[in-house]
2 protein chains.
Amino acid sequence: MQRPPARERLLRAADRLLFDRGIRATPVDELLREADVAAATLYAHFGTKDGLVAAALEARADAWRRVWDRHIVEAADDAERLLAIFDALADYRTGVGGAARWCAFLAASAELRDAAEPIAAALAEDTALLGERLLALARPIAGDRAPELADAVLLAYTGTLAGFLRGSPKDPVAVGRRVAAAAIAAAEPLSPRA
Amino acid sequence: MQRPPARERLLRAADRLLFDRGIRATPVDELLREADVAAATLYAHFGTKDGLVAAALEARADAWRRVWDRHIVEAADDAERLLAIFDALADYRTGVGGAARWCAFLAASAELRDAAEPIAAALAEDTALLGERLLALARPIAGDRAPELADAVLLAYTGTLAGFLRGSPKDPVAVGRRVAAAAIAAAEPLSPRA
DNA sequence: GTCTATAAGCGGATAGAC
DNA sequence: GTCTATCCGCTTATAGAC
């Protein structure tokens, strides 16, 4: 039973505390205690608290992308592939991303008005990945109107995440998926039951 | 040209700074400077910074409710009444609520993990008002399935707000309205063009 | 050479005293 | 209305342990 190195322990502690309690609400001291690491070690590895935050966000982005990938591959048809983001989200939240209250990236955006460079980059990457992927997945369904469909699904996904923050509706993933499905139905150039 | 009393100046300064730059990111000193008020005056009126935050949130809730009211009354039919929340939002954001980055209530939720009592109450009230009203407005459209339709519209509305935070899609209100309209179409027991 | 323990500097924020 | 006591959070310095 090897103990992971300090860097790894710090990242895990950051993921557990930062995105559950909040970034500003979590003092460095608590991160150090949770990780059982000395202050000097944190600053040697990450430079500043912001550096650790950015590294934790990037780790989260990687984990999320992998889960989403898997659900896209496993989906049965075009519509299911576009909706796979919701199944991936449900999966992610009960698995690797369990600690987060809603969405680590949106929460960081909300908390840090003008995020420092490494953090801002992580946030922008998340939204860029969502936009690009959803657009590609919407193309076979909506053709020329794929941008509108992708926007609709992005909004439903974002609404699902913020639904966790609001505490309503009760099951944001289920509602978000239904809403996105309705947007797909409205966007299909062919009649729904053709 | 009378100068408003200190209490009023504080509330205005709070509304302008708190919900634009963030609650934790705005020091009391800045509120005092913006309002041109002495520290003692703030603590005499509101007790603590939290007290001022809660009062500013309540003022915002009142203003929002009035704008929403007006758009519901002016709407032409059942569907338009349910969608009026989006027109109200567009109106609100260019008017009284202009300063806020996305949504004062969700932002406060995100920033303050365990909000103190007066703040938590304001947040809960906002979500309760949304839930009750949307349900009542969904009833004539969806009948027994009104709860599901109300959930869908709430999620689209929440997604619109969080869309401003994310910076995508470009025009969250337009996309949110379209998404909600698709949910209405899917929920109508009668065929859409009957 | 990586990590730990301790302590202390320093800016900033809240709250209340005067 | 000003002024200040007090606290808190981030960061670094120093010295030593595995």
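Proteins come first, then strands; the chains are lettered A, B, ... in the order of their sequence lines, and each starts at number 1.
Checking B:Tyr157 against A:Arg166 by side-chain atom types alone, no donor-acceptor pair falls below 3.5 Å.
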> Could you go step by step and tell me if B:Asp69 and B:Arg66 meet the salt bridge (Lys or Arg N to Asp or Glu O under 4.0 Å) rule?
Replying inline: CA-CA 5 Å; B:Asp69 273 339; B:Arg66 274 194 293 274; over 6 Å; no
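With hydrogens and angles disregarded, no donor-acceptor distance shorter than 3.5 Å links the side chain of A:Arg101 to the backbone of A:Phe19. For B:Ser168 (side chain) and B:Lys170 (main-chain N/O), no donor-acceptor pair under 3.5 Å exists by modelled atom type. In this structure a side-chain-to-backbone donor-acceptor pair under 3.5 Å is present from B:Thr94 to B:Asp91. A distance-only check finds no donor-acceptor pair linking the side chain of A:Lys49 to the backbone of A:Leu42 [under 3.5 Å].
Whole-Å rounding puts the B:Glu30 CD to C:dG12 C1' distance at 12 Å. Here the C1' atom of nucleotide C:dT2 and the CZ atom of A:Phe46 are 14 Å apart, to the nearest Å. C:dT14 atom P lies 12 Å from atom CZ of B:Arg33, rounded to whole Å.
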>> One character per nucleotide, please: for nucleotides 10-18 of chain D, 5' to 3', B when the base has a protein heavy atom closer than 4.0 Å, S when only the sugar-phosphate does, - otherwise.
In response: SBB------
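A heavy-atom distance below 4.0 Å to DNA chain D is reached by none of the residues of residues 7-17 of chain A.
Contact between the side-chain N/O atoms of A:His45 and the OP1/OP2 oxygens of C:dT2 is not found at any separation under 4.0 Å.
Exactly one of B:Arg12, B:Arg21, B:Arg16 qualifies for a salt bridge (Lys or Arg N to Asp or Glu O under 4.0 Å) with B:Glu34. That residue is B:Arg16.
When heavy atoms are screened at a 4.0 angstrom cut-off, B:Val37 is found touching no nucleic acid atom at all.
At a threshold of 4.5 Å between non-hydrogen side-chain atoms, the residues A:Asp36 and A:Arg3 count as touching.
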